[in-house]
Amino acid sequence: MARRTEKFGYRRFWVTEHHSTHIAASAAPAVLVGQIAATTSAITVGSGGVMLNNHAPLAVAEQFATLDALHPGRIDLGVGGGAGTTDERVTRALRQHATDGTDPYAHDVHALDGYLARDDSGDDVFLLPRYETRPALWLLASTTTGARLAAELGLPLAFAHHIRPQNATESLACYREGFRPSRWSDRPYVMLAVQAVCADSDERAQALALPGDLLRADLLAGRAKSLLSPEAAVVRWAKEADPGASAETRTRVRGTPEEVVGHLAGLVDEHGADELMITSSIYDLDDRTRSYELIAAAAAA
């Protein structure tokens, strides 16, 4: 998929961190980032994101500094404050010392920023490898809390509109109002993450989007989670007609290339986004590839 989207003209390819789930194959972002960067040539590869609550900040800084040394200028380090899992047993297994009820996230983001920005000279704890560049640091957020932290540190913000679209307006306002220029950015910079499904016809796009709609409804309801094929999704929809899935579709983008690009342009105007990142819960790889291809072609037209 990374090789294909690179050919379509996309600028970035990010992978997530999820654990003990059947809906994502990305449990180790740093490993995947290295493999993807090694098999592509120009596209920027990154994490969307490393769940910093699960890792020691210095280890994350070293992993991504090493990736940047191997692929200079092509590595993004996006970090978030989730666990990447809803299972407390998995959370404890990932980071067993985080059991006292405190949230170390803000402290760890500050520490990570310090390791990446610090002058190594004379410091007992310094970042390896010593290289002339550093990976680009981003903060992921879906609430005002994360947006304020990004503003405090002067970080570019990747906002999860596909998860909490209702929080976008207030969160982005907090980010822009509180932004402090830094080594990472001299102005507020917003990437809006949007779920979009595109096909040659509106009917086909709706069919391809239905499995993602049902998955989202399952996630919200705490039910067992899996991405169905379009055929299986139609069968389940006919049996259940889940109103939760219908309500969710209002915040997502699907349709023909012209419809999708028009909707995306509207989101950019509404939120003043500098970039869009598209995520597509499409069952079949070829259908997913075609969706990205159609969106890129229509956007470039």
Side-chain angles (χ1 to χ4, degrees), residues 12-21 23-33 44-61 63-64 67 75-88 90-95 98 102-116 135-168 170-172 174-175 178-179 182 184-185 188-195 216 219 225 273 275-279 281:
R12 304 182 194 277
F13 191 97
W14 281 11
V15 294
T16 62
E17 179 184 341
H18 291 291
H19 303 278
S20 294
T21 176
I23 63 172
S26 179
V31 177
L32 282 180
V33 167
T44 298
V45 187
S47 57
V50 170
M51 297 295 101
L52 200 53
N53 287 331
N54 298 335
H55 309 281
L58 179 59
V60 174
Q63 290 165 8
F64 278 80
L67 289 168
I75 303 299
D76 285 337
L77 171 53
V79 297
T85 177
T86 57
D87 191 321
E88 288 297 324
V90 178
T91 301
R92 289 193 297 272
L94 287 165
R95 197 170 188 184
T102 61
D103 180 8
Y105 177 58
H107 172 271
D108 286 353
V109 172
H110 278 271
L112 179 64
D113 174 72
Y115 291 133
L116 291 172
L137 184 59
W138 292 72
L139 199 71
L140 279 60
S142 62
T143 66
T144 55
T145 300
R148 287 194 182 98
L149 182 58
E152 176 186 341
L153 291 170
L155 293 173
L157 174 67
F159 187 82
H161 184 276
H162 63 301
I163 297 176
R164 292 192 175 93
Q166 70 276 13
N167 293 350
E170 183 180 5
S171 297
L172 296 182
C174 288
Y175 172 64
F179 186 84
S182 72
W184 304 108
S185 182
Y189 192 92
V190 173
M191 177 195 292
L192 204 65
V194 181
Q195 187 170 87
R216 176 67 172 164
L219 289 168
K225 301 170 282 293
E275 288 188 40
L276 288 176
M277 179 161 282
I278 299 169
T279 178
S281 297

To the nearest 0.5 Å, what is the distance between [atom1] ([X]) and [atom2] ([Y])?
X    : Y    : atom1 : atom2 : value
I75  : L137 : CD1   : CG    : 13.5 Å
L77  : L52  : CG    : CG    : 8.5 Å
Y105 : L149 : OH    : CG    : 6.0 Å
N53  : E17  : CG    : CD    : 9.5 Å
D108 : M51  : CG    : CE    : 12.5 Å

State, with a plain yes or no, whether a side-chain heavy atom of [X] is found less than 4.5 Å away from one of [Y].
X    : Y    : value
N167 : F159 : yes
P135 : L67  : no
T143 : R148 : no
H19  : N54  : yes
V50  : F64  : yes

Return the minimal non-hydrogen interatomic distance between [X] and [Y], and the atom names on each side.
X    : Y    : answer
Y115 : A61  : CB-CB, 4.0 Å
C174 : T144 : SG-CG2, 3.9 Å
A147 : S171 : CB-O, 3.3 Å
L155 : L139 : CD1-CB, 4.1 Å

- [ ] Please name all residues satisfying salt bridge (Lys or Arg N to Asp or Glu O under 4.0 Å) with R12, sequence neighbours left out, ordered by chain then number.
- [x]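 With neighbours one apart ignored, the set is D76, E275.
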TODO: Would you please name every residue forming a ring pair (Phe, Tyr, Trp, His ring centres under 6.0 Å) with F13, sequence neighbours left out?
DONE: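 Checked F13 against ring pair (Phe, Tyr, Trp, His ring centres under 6.0 Å); zero matches.
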- [ ] Identify, with sequence neighbours excluded, every residue that meets ring pair (Phe, Tyr, Trp, His ring centres under 6.0 Å) alongside W14.
- [x]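 Listed in chain order: W138.
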What pairs with [X] under side-chain hydrogen bond (donor to acceptor under 3.5 Å, both in side chains), at least two apart in sequence or on another chain?
X    : value
D113 : W184
E152 : H110
S281 : Q195

Task: side chain to side chain donor-acceptor pair (under 3.5 Å) partner of S142, chosen from H161, R164, Q166 - done: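 That would be R164; it is the only one of H161, R164, Q166 passing the side chain to side chain donor-acceptor pair (under 3.5 Å) with S142.
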